[in-house]
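Input: a single structure, listed below in structure tokens.
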Amino acid sequence: MANYEEANSKMFWGSKRRRTLSHIESLPEDLVFEILLHLPAEDIYETAVLVCKKWYNAIHSRNFVHKHLQHSTPALLVHLIDNHDFPQLINKRFLLPGRGSVEVSKFSYGTVGRVWGSCNGLILECVETEDYYNLSIVNPVKCEIFGLPSIDLQPDIAYHPMIAYAEASNQYKVVVMGFYIFEPSGIESCVILTVGVDKSWRRVDIKHLDIDRCLSSQGFIHWTRSDRTCIVNLNVETEIITETPVPRRYEKRFRYLSMGSCLTLLVECGEFSWEVWKMKPETGEWTKMPKIDLEPLKGKFVNLVWEDVSPIGWLNEKVLALEVFLSPVCVFYNVRTQEIESLELELNSHEYLFNVHRNSLV
């Protein structure tokens, strides 16, 4: 009798599952596409891709991967700095500002590398050994790691790698700057590699440029001139270098931050206010944006010590992330609504690295 009931149960649930799959597979392709676009990349890769063949094919199409990337929610990747002399597994966490609160994403990943940048869901990490500088590209959603050719370490040289995307050729390129540690503006080398194409690093001649700090925007690597007069831009598609004058020379503290497709210049006007300029890398045109002033909002956080608040990255054109010096607190400011949110990190150190990141299926 028990075997008969068990057999009937299997037949019932089996037929019900087949009917469910049949209904799912009968959904119009454009509707399936739209449904999947609104799912997080980690849910798509772990679950949705297994639902049926139609969903699997849709998810793996280049068009869907591109569209989903544009719809994905940007987050702040928080990375605890490893001060040990040996590699160890480190958890990287994602902070998601929302409506009135900041959440720590349930999704995290652990690798031994130090995070240097993120582009379209791909994270550039490095591990230094005694003789080599080892770079890799990580997609945390797909658990994929792509190793790059090692770079021989040179004495008294500090390396700064960056990653950017060349859209027309659908290629990712990594640029590594080598700076003399005891000469702030001294360039030892600059090399570039097209991921999946080049077997070795190619040299870029920029030693004649007096540059120091570097960062990236969509399709470009940028360096600041030591005399503060220009931004040096490398178009990763054409590998042509151009220079863009800054709006004017600033004597006050300032910093450059990427805003995805463009570069921004934030000039300190006061302890908690900044003048903001936005530059289109393709044209070099600067546009002045509304000033950011957090002074009226200080009273919202009674227990927060605002001794030194510094912008660390744009999640998008609306939300600016800031860190509080020597404090495990991250602040998110919406420049349009002027709403502010904060989160105290539950980590055992005040030494963090921050990168803006979007999980993707790239």
Side-chain angles (χ1 to χ4, degrees), residues 113-120 122-139 145-246 256 258 261 263 279 281-284 353 355 362:
R114 172 173 175 168
V115 175
W116 277 99
S118 173
C119 179
N120 293 351
L122 302 179
I123 297 172
L124 181 64
E125 296 190 354
C126 82
V127 175
E128 288 189 38
T129 64
E130 189 173 333
D131 300 313
Y132 297 104
Y133 192 80
N134 301 302
L135 288 164
S136 59
I137 296 174
V138 179
N139 185 321
I145 300 178
F146 184 85
L148 304 179
S150 298
I151 297 175
D152 294 341
L153 284 176
Q154 303 297 324
D156 300 328
I157 301 297
Y159 295 94
H160 192 153
M162 297 300 298
I163 183 171
Y165 176 59
E167 185 173 5
S169 58
N170 191 33
Q171 293 176 328
Y172 290 86
K173 297 188 180 183
V174 176
V175 176
V176 182
M177 292 287 297
F179 296 97
Y180 291 106
I181 295 175
F182 302 108
E183 298 178 36
S185 60
I187 302 170
E188 189 276 335
S189 63
C190 178
V191 293
I192 189 170
L193 179 135
T194 303
V195 179
V197 176
D198 294 334
K199 303 299 182 183
S200 59
W201 296 91
R202 296 178 281 115
R203 285 195 171 269
V204 179
D205 182 19
I206 60 171
K207 286 191 175 184
H208 61 288
L209 299 173
D210 186 19
I211 57 179
D212 45 34
R213 185 173 181 268
C214 51
L215 66 163
S216 67
S217 62
Q218 189 73 18
F220 288 84
I221 303 292
H222 308 278
W223 295 276
T224 58
R225 287 286 297 262
S226 300
D227 60 8
R228 300 185 171 191
T229 60
C230 290
I231 292 290
V232 178
N233 314 292
L234 171 66
N235 185 320
V236 295
E237 186 73 66
T238 63
E239 299 188 10
I240 293 175
I241 294 175
T242 58
E243 293 188 53
T244 304
V246 297
Y256 294 95
S258 174
S261 61
L263 187 71
M279 183 193 83
E282 299 86 351
T283 63
L353 293 176
N355 293 91
V362 172

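Remember, predicted model here, so these are calculated numbers, not experimental data.
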Practice problem: Kindly give the heavy-atom pair with the smallest separation between Lys173 and Glu237, and that separation in Å. | Solution: NZ-O, 3.8 Å
Practice problem: Could you tell me whether the side chain of Asn134 and the main chain of Thr129 form a donor-acceptor pair under 3.5 Å? | Solution: no
Exercise. Apply side-chain contact (heavy atoms from CB on, under 4.5 Å) to the pair Asp131 and Leu153, showing each step before the final yes or no.
Key: CA-CA 5 Å; Asp131 300 313; Leu153 284 176; 5.9 Å; no
Practice problem: State the OG-CZ distance between Ser189 and Phe179, to the nearest 0.5 angstrom. | Solution: 9.5 Å
Quiz item: What distance separates Tyr159 OH from Glu128 CD, expressed to the nearest 0.5 Å?
Solution: 8.5 Å
Quiz item: So do Val246 and Thr224 actually touch side chain to side chain, heavy atoms under 4.5 Å?
Solution: no
Quiz item: How long is the span from the CG atom in Leu193 to the NZ atom in Lys199, to the nearest 0.5 Å?
Solution: 10.0 Å
Quiz prompt | Closest contact, heavy atoms only, Met162 versus Trp116 | solution = SD-O, 4.2 Å
Quiz prompt | Flag side-chain contact, heavy atom, 4.5 Å: Val138 against Ile145 | solution = yes
Quiz item: Do you know the tightest heavy-atom contact between Gln171 and Tyr165?
Solution: O-CD1, 3.4 Å
Self-check item: Contact summary for Gly117 and Ile163, nearest pair of heavy atoms
Solution: C-CG2, 4.3 Å
Practice problem: Decide yes or no on side-chain contact (heavy atoms from CB on, under 4.5 Å) for Val204 and Ile241, but give the supporting numbers first. | Solution: CA-CA 10 Å; Val204 179; Ile241 294 175; 4.1 Å; yes
Quiz item: Side-chain contact, heavy-atom cut-off 4.5 Å: Tyr132 with Asp152?
Solution: yes
Self-check item: Side chain proximity check, Gln154 to Tyr180, heavy atoms < 4.5 angstrom
Solution: no
Exercise. With rounding to the nearest 0.5 Å, note down the distance linking CG in Leu124 to CG in Leu135.
Key: 5.5 Å
Quiz item: Mind checking whether Asn120 and Gln218 have side chains closer than 4.5 Å, heavy atoms only?
Solution: yes
Practice problem: With rounding to the nearest 0.5 Å, note down the distance linking OG in Ser261 to CZ in Phe220. | Solution: 10.5 Å
Self-check item: Min side-chain heavy-atom separation Trp201-Val174 under 4.5 Å
Solution: yes
Quiz item: What closest approach, in Å, do Ser217 and Ser258 show between heavy atoms, and which atom pair accounts for it?
Solution: CA-OG, 3.6 Å
Quiz item: Shortest non-hydrogen contact from Tyr133 to Cys126?
Solution: OH-SG, 3.5 Å
Exercise. First locate atom CG of Asn235, then atom CD1 of Ile221, and finally report the distance between them rounded to the nearest 0.5 Å.
Key: 10.5 Å
Self-check item: Name of the residue among Ile231, Val232, Leu234, Asn233 meeting side chain to side chain contact (heavy atoms under 4.5 Å, CB included) with Thr242
Solution: Asn233
